[in-house]
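Note sheet for the following structure.
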Amino acid sequence: MLFYAFKTLSPASSPKPSSLLFSDLMLPVLSPMPSSHLHLLSPSSPKPLFRSFSSLRTPSQTPTSVNNYNHLIQMLCKRGNLKQALDLLPHEPSPTQRTYEALILACVQRNSPGSAAVVHRHLSDDGFDQDPFISTKLVGMYSHFNALDDARNVFDKTSQKTIFLWNALLRALAVGDEGEEALLLFRDMVLVGIELDSCSYSFALKACVALRSCEVSAFERVREIHGHALRHGFNSRVHVATTLVDCYAKLGCVSYARRLFDRMLARNVVSWSAMIACYAKSNNPFDALKLFEEMMVLEPDIVPNSVTMVSVLQACAGLAALGQGKIVHAYVLRRRLDSILSVVNALITMYVKCGTLVSARRVFDGMNGRRDVVSWNSMISGYGIHGFGTEAIQLYQEMLHDGIAPSTLTFLSILGACSHVKFVQQGKTLFESMIKEHGITPRAEHYACMVDLLGRAGQLDEAIKIIEEMRIEPGPTVWGSLLGACRIHGHVELAERACSHLFELEPMNAGNYVLLADIYAGAKMWEEMINVKKLVETRGLQKVPGCSWIEVNRKMYSFVSVDFMDTHTEELHALLVQIVREMKGKGYIPNTDVVLYDLDQDEKEQILLGHSEKLAVAFGLINCRRGEVIRITKNLRLCEDCHSVTKFISKFARREIIVRDVNRFHHFRDGFCSCSDYW
DNA sequence: ATAGGGTTAG
């Protein structure tokens, strides 16, 4: 029985797969980013200081009018010269509301809590602590410093509480991750009979997402506030409706979010971006691109901005749609959005995940002087997942040399990089330095990296030691890493131990059961294997079907394994049969161990032949131009048999084949893989 | 006067 299917990722109704092109984006494919396009990234020259400041400061030159001082302080604040403005404050007999507003704003912009205290003291002395306008500004300021107690204090002490003041505190609590507190405040607002506005609803909804600790209750609260908004006619306001879409999306209700989005009476660029981001984040990159295309077609007046493009690039990265990504890159350059750091960072990740490390590096190199920690992390992880451990470590050191402080994600990237190339000692040293030199407390994910590094390298005892000495609860990531290592080394007992936790922590994750069954099969423990399979059945779990896809001429073709053949597939099948026949002549033995069904040898070989990755490779051989790299993406880990077949093909068809699996990239060339068969 | 969407790991 041969498993096979052919489908395109484009709408089923069209006879030919349509490309994801937008007339507006129809540009020649651009691969290198000319550095001249990055000139906008250089910092702008500083503005001159206020010229007459020093002369005005001396007491002998007292200004004739009070307004001069107020004006001067405000000017200095505007220029970001907070310190000089503060020095001037004691000389001013009667600062105005505007002056204090400017000072508060400057404290936020300069990120200076110390100056904030000085300003607060001054304005209290002047009696402005009862001014609801100033109080609103103060609450916003304290929110910026995450000083929620101070924010609440200001609120409590102000007797005349306007809706702005209520909203300011509500916002402060919501963005300060105090969802519970924010919702209590919202309840107070309703009970006291405050007339809510759309901002109140937006903030309260944001607070629900901040709850997250208990998603069920978060969902209930969103529904409550949604209902309230509905009864008071606020649900159709574009801000509220957009927030609702975003809330449901963040709580995992993607199709419901879409339904609300479709029902919106008016949408703006933020509404569209929120929905596109929802798809990009929830592993629906194709839907994200489709929606982006729709936005161009249906709403010619809405112009995508940098936030939109970050999500679109994320979707290209998720799909590994290089051709599409290049078009988006060209669009970004045309719209000058490459002056926005987050967009450039998203470009790096897009190229990394599309398998073109060189292009990613070119973008990274073009950023000289304007890289933040995200840019570095993206490039380091890029080297890591492409199997360039040495380069990843080197770049990490360059980053330190540049004075950029590494983050928790830097270490996840660099430890992952070590793991891919079996750099056990380097990984250990880096993990130590993370704690001791950089003061970063390891999270479960870091431990998972270490367990993966040690475990896959065969040091299972050390891996266990790491878990036992952890100061925090080892979550599913840690046990999952251990289980993966057990599969490689056929360690049944440890696998059982890992699974005893995993089946408890994530009972619905079919992957864990499959791995355990795989390990039992490897140890020829058939009875145990069958029991695990039964468990999967009784719990009603669905194995994630293997799926591979390939982009040809900017169209996506995806392959999954099903149990019938049709006319599309015969050509691919025939090609694979021929390849395998040749390989067998050269000593290839199909690795039927990976097939966990009770079938005879021939049937098992047939199933191997139908693995989605082989079909995608065959499709690539037929449809990609000679000399062109065949790029394939797979949703799971590569199986051993596909790995060896692809190695063979790379040599005898003289094709370079790059496969992205769920963990890393494999570059096949001349019969070898960049992973050195360690993955 | 307060407002809604986005960047890196696995």
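Just the heavy atoms: all of them, side chains too, but no hydrogens, waters or symmetry mates, feed the values below.
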Worksheet item: Any side-chain N or O of Lys250(A) under 4.0 Å from OP1/OP2 of dG4(B)?
Response: no
Practice prompt. Report yes if a side-chain nitrogen or oxygen of Ser381(A) is closer than 4.0 Å to either non-bridging phosphate oxygen (OP1 or OP2) of dA9(B); otherwise report no.
Written response: yes
Discussion item. Ignoring hydrogens and geometry beyond distance, is the side chain of Thr243(A) in donor-acceptor contact with the base of dG4(B) at under 3.5 Å?
Written reply: no
Discussion item. Of the options dG5(B), dG4(B), dT7(B), whose atoms approach the side-chain atoms of Asn345(A) most closely?
Written reply: dT7(B)
Discussion item. Whether Arg237(A) engages the ring of Tyr201(A) as a cation-pi pair (distance to the six-membered ring centre under 6.0 angstrom, angle to the ring normal within 45°) should be assessed.
Written reply: no
Discussion item. I want to verify a distance call: between dG4(B), dT7(B), dA3(B), whose nearest atom is closest to the Cys199(A) side chain?
Written reply: dA3(B)
Fill in: Options dT8(B), dG5(B), dA1(B), nucleotide nearest the side-chain atoms of Asn377(A)
dT8(B)
Item to complete: May I ask you to verify if any side-chain N or O of Gln97(A) is less than 4.0 angstrom from the OP1 or OP2 atom of dA1(B)?
Response: no
Item to complete: Applying side-chain hydrogen bond (donor to acceptor under 3.5 Å, both in side chains), name anything that partners Thr242(A), two or more places apart in sequence or on another chain.
Response: Ser271(A)
Discussion item. Does a side-chain N or O of Lys281(A) approach OP1 or OP2 of dT7(B) to a distance below 4.0 Å, or not?
Written reply: yes
Fill in: Under-3.5 Å donor-acceptor pair between Asp452(A) side chain and dG10(B) base
no
Worksheet item: When the distance from OH of Tyr248(A) to P of dG4(B) is rounded to whole Å, what number comes out?
Response: 18 Å
Worksheet item: Given dA1(B), dT8(B), dG5(B), which nucleotide is nearest the side-chain atoms of Phe133(A)?
Response: dA1(B)
Worksheet, complete the sentence: By salt bridge (Lys or Arg N to Asp or Glu O under 4.0 Å), Arg456(A) pairs with (sequence neighbours left out) Asp452(A)
Discussion item. Check this for me, if you would: do Glu178(A) and Arg171(A) make a salt bridge, where the nitrogen-to-carboxylate-oxygen distance has to be below 4.0 angstrom?
Written reply: no
Fill in: Minimum-distance nucleotide (side-chain atoms of Asp246(A) versus dG5(B), dA9(B), dT7(B))
dG5(B)
